[in-house]
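Below, chain A is the first sequence line, B the second, and so on; all start at residue 1. Note that the structure is a prediction, hence the values are computed from the model and not measured.
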Amino acid sequence: MLDIKFIRENADAVKAAMKNRNADVDVDAVLALDARRREIVSEVEALKAERNKISKSIGMMIKEGKDPEEIKAQVREMGDKITAFDTELREVEADLREKLLYIPNMPSDTTPVGQTEDDNPVIRSWGEKVELGFEPQMHWDLGEKLGLFDLERGAKLSGSGFPLFTGRGAKLERALIQFMLDLHTEEHGYTEVATPFMCNEQTMTGTGQLPKFAEDMYTVPLDGLYLIPTAEVPVTNMYANEILDKDLPILHTAYTPCFRREAGSAGKDTRGLLRVHQFDKVEMVKFTTPETSEEEHEKLTLDAEKVLQKLGLHYRVIELCTGDIGFSASKCYDIELWAPAQDKWLEVSSCSNFKDYQARRANIRYRDENGKTQFVHTINGSGVALPRLVIAIMENYQNEDGSIDLPEAIWPYMGGLKKID
RNA sequence: GGAAAGAUGACUGAGUGGCUGAAGGUGCUGGACUGCUAAUCCGGUGUACUGCUUACGCGGUACCGAGGGUUCGAAUCCCUCUCUUUCCGCCA
């Protein structure tokens, strides 16, 4: 969340930023609550100071054998006032916090201003569109024919959007996960973690999924748990309510399945593996100082790109504009793979710098060189998400006879298999 | 799922109603001293909110797992919850 002091001192800038985001936020209501809160605090604290003073004197009186009853009655009256103020204070603070939790992050100064995804500039691209020389087949046709997945049986088990991978398809999934984890841990310096796949409400609030996006998640009501929509959630919140004294940055990578209800997006690009309710993803998360977060964000994006380069897949990097950027992010690059049969770009990674927004929500701090505690900056990105990566491999590496060559980088992970036919 | 014990600052560990934001020790850190290593001595060492000052700082309030309650006053008494450990049960 945003620092209330920052909002207080930069109200106009916050309002402008919310407008650029197309976010409906009542900044003045927040400021009014903040003003009332501080008013109550100063009144109630003055009363408490007085009470503490008199209470101490009662202790003295009793020791000296004097009768304190008269003063007790007086202090009791103060206590009633204090209770009334405290009650209102709690209400105001809860109200204020709730409102703050619904305010998205400030876009970075460098985030391009724009309305929709059409305003996202392309930052760079790598590789070229493949020349197949024949009419490419869709991945859902290739996959069913080659026995890589069985979407009908997946739907039987859980409903559409819950893919069932089979045989070499299941192995390819596992191989890609392994390949990416090895790359990030062995060459990019990340430490692997394996996390819970369900998290509690506090954790979901820490990274920004709650309270606003409750409907996007699967829940386990009996236990008050939510299925994670991304490994970002457990990995970032690992250090919630901690003061880190390890050397920053801290780099973690994790494989997890991700669960998303995708409410409201039914019917849109949902065929095959394009948009599913459960998918595998390797995630990268960094905890940095404010001074290094921009640089680390750039590096993390390159780490994700490296995956695609090693797999020889044509991609481009776009930067999300203010109207398209995610709720908690301040700056964000999306990486998109070219899919020749789809004839379009598929998003496989989203690399975001959250600055101190998540750290403030999750209360993750560190000690700077002066010994002062500060909020860390958090950064994360997919490195990368599996289903669309699989789609891109299938579509880019397909042959006219319907077989699929495998990228050399994953041969070792496929037991030497070079081609699926 | 049942039973018992416990939860205090970076760590350890005192503290059963006011003199405790919290003893002692460890660690860290500033200094003194011993020609090195080590030791010794002195000092400092929580977080958050808030007001004044805004360079440094000073004051107030809150916080001893979380939330309630009793009381003039709670780390300390009561209730609820969470977690940890151990034992039993169940189980991949």
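When both pairing distances are held under 3.5 Å, B:U85 makes a Watson-Crick or G-U pair with B:A4. In a base pair of the Watson-Crick type (N1 to N3 plus N6-O4 or O6-N4) or a G-U wobble (N1-O2 and O6-N3), with each distance short of 3.5 Å, B:G43 is matched with B:U29. Nucleotide B:G18 is matched to B:C72 when pairs are restricted to Watson-Crick or G-U wobble geometry with both distances under 3.5 angstrom. Across all strands shown, B:G24 pairs with B:U12; the Watson-Crick or G-U wobble distances both stay below 3.5 Å. Pairing of B:G67, defined by two Watson-Crick or G-U wobble distances under 3.5 Å, is identified with B:C79. For B:C90, there is no paired base (Watson-Crick or G-U wobble, both distances below 3.5 Å). In this structure B:U34 sits in no base pair that meets the Watson-Crick or G-U test at under 3.5 Å. Partner assigned to B:A55 is none, using Watson-Crick or G-U wobble distances below 3.5 angstrom.
A close approach under 4.0 Å does occur between a side-chain nitrogen or oxygen of A:Arg38 and OP1 or OP2 of B:G51. The side chain of A:Arg8 places an N or O atom within less than 4.0 Å of a non-bridging phosphate oxygen (OP1 or OP2) of B:U50. Close to B:U50, at under 4.0 Å from its OP1 or OP2, lies a side-chain N or O of A:Arg37. Close to B:C72, at under 4.0 Å from its OP1 or OP2, lies no side-chain N or O of A:Arg51. Contact annotation: A:Arg365 does not reach the phosphate of B:U47 (side-chain N/O to OP1 or OP2, under 4.0 Å). In terms of phosphate contacts, A:Arg90 brings no side-chain nitrogen or oxygen within less than 4.0 Å of OP1 or OP2 of B:A62.
Nucleotides B:G27 and B:G17 have their C1' atoms positioned 33 Å apart, rounded to a whole Å. Separation of the C1' atoms belonging to B:U86 and B:A23 is 31 Å when rounded to the nearest angstrom. Spacing of C1' atoms, B:A32 relative to B:A39, comes out at 14 Å, to the nearest Å. For the P atoms, the distance linking B:G9 with B:G13 amounts to 11 Å, nearest Å. Nucleotides B:A14 and B:G25 place their C1' atoms 11 Å apart, quoted to the nearest Å. For the P atoms, the distance linking B:C81 with B:G1 amounts to 13 Å, nearest Å. To the nearest whole angstrom, the two P atoms, one in B:U29 and one in B:A38, are 13 Å apart. The gap from the P atom of B:U47 to that of B:A10 amounts to 8 Å, rounded to the nearest Å.
Between A:Glu294 and A:Lys299 no salt bridge is recorded (no basic side-chain N to carboxylate O distance below 4.0 Å). Using a 4.0 Å cut-off between a side-chain N of Lys or Arg and a carboxylate O of Asp or Glu, A:Glu408 and A:Lys418 do not qualify as a salt bridge. Between A:Glu319 and A:Lys331, at least one side-chain nitrogen of the basic residue sits less than 4.0 Å from a carboxylate oxygen of the acidic one, meeting the salt-bridge criterion. Between A:Asp80 and A:Arg76 no salt bridge is recorded (no basic side-chain N to carboxylate O distance below 4.0 Å). The pair A:Asp34-A:Arg38 meets the salt-bridge criterion, with a side-chain N (NZ, NE, NH1 or NH2) lying under 4.0 Å from an Asp/Glu carboxylate O. The pair A:Lys72-A:Glu69 meets the salt-bridge criterion, since a charged nitrogen lies less than 4.0 angstrom from a carboxylate oxygen.
The distance from atom CG of A:Asn241 to atom P of B:C83 is 16 Å, rounded to the nearest whole Å. A:Gln374 places its CD atom 13 Å from the P atom of B:U47, with the value rounded to the nearest Å. At whole-Å resolution of the value, CG in A:Asp80 and C1' in B:G69 are 15 Å apart. Atom-to-atom, CG of A:Asn200 to P of B:C83 comes out at 10 Å; the value is rounded to the nearest Å.
The nearest pair of heavy atoms linking A:Thr195 to A:Pro234 is OG1-CG, 3.3 Å.
No more than 12 heavy atoms of other residues, nucleotides or ligands sit less than 6.0 Å from atom NZ of A:Lys306.
The only member of A:Asp356, A:Thr378, A:Leu101 that meets side chain to side chain contact (heavy atoms under 4.5 Å, CB included) when paired with A:Arg361 is A:Leu101.
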Report each atom pair, protein N/O against N/O of nucleotides 56-61 of chain B, whose distance is under 3.5 angstrom.
{"unit_1": "B:G60", "atom_1": "N2", "unit_2": "A:Glu45", "atom_2": "OE1", "d": "2.7"}
{"unit_1": "B:G60", "atom_1": "N2", "unit_2": "A:Glu45", "atom_2": "OE2", "d": "3.4"}
{"unit_1": "B:G60", "atom_1": "N3", "unit_2": "A:Glu45", "atom_2": "OE1", "d": "3.4"}
{"unit_1": "B:U61", "atom_1": "OP1", "unit_2": "A:Asn52", "atom_2": "ND2", "d": "3.2"}

Would you tabulate the pairs of protein nitrogen or oxygen atoms and nucleotide nitrogen or oxygen atoms of nucleotides 17-23 of chain B closer than 3.5 angstrom?
{"unit_1": "B:G18", "atom_1": "N2", "unit_2": "A:Ser55", "atom_2": "O", "d": "2.5"}

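Classification of the A:His188-A:Tyr190 ring pair by plane angle, with boundaries at 30° and 60°, yields perpendicular. Ring geometry, A:His252 versus A:Tyr239: the interplanar angle falls under 30°, so the pair is classed parallel (tilted spans 30 to 60°).
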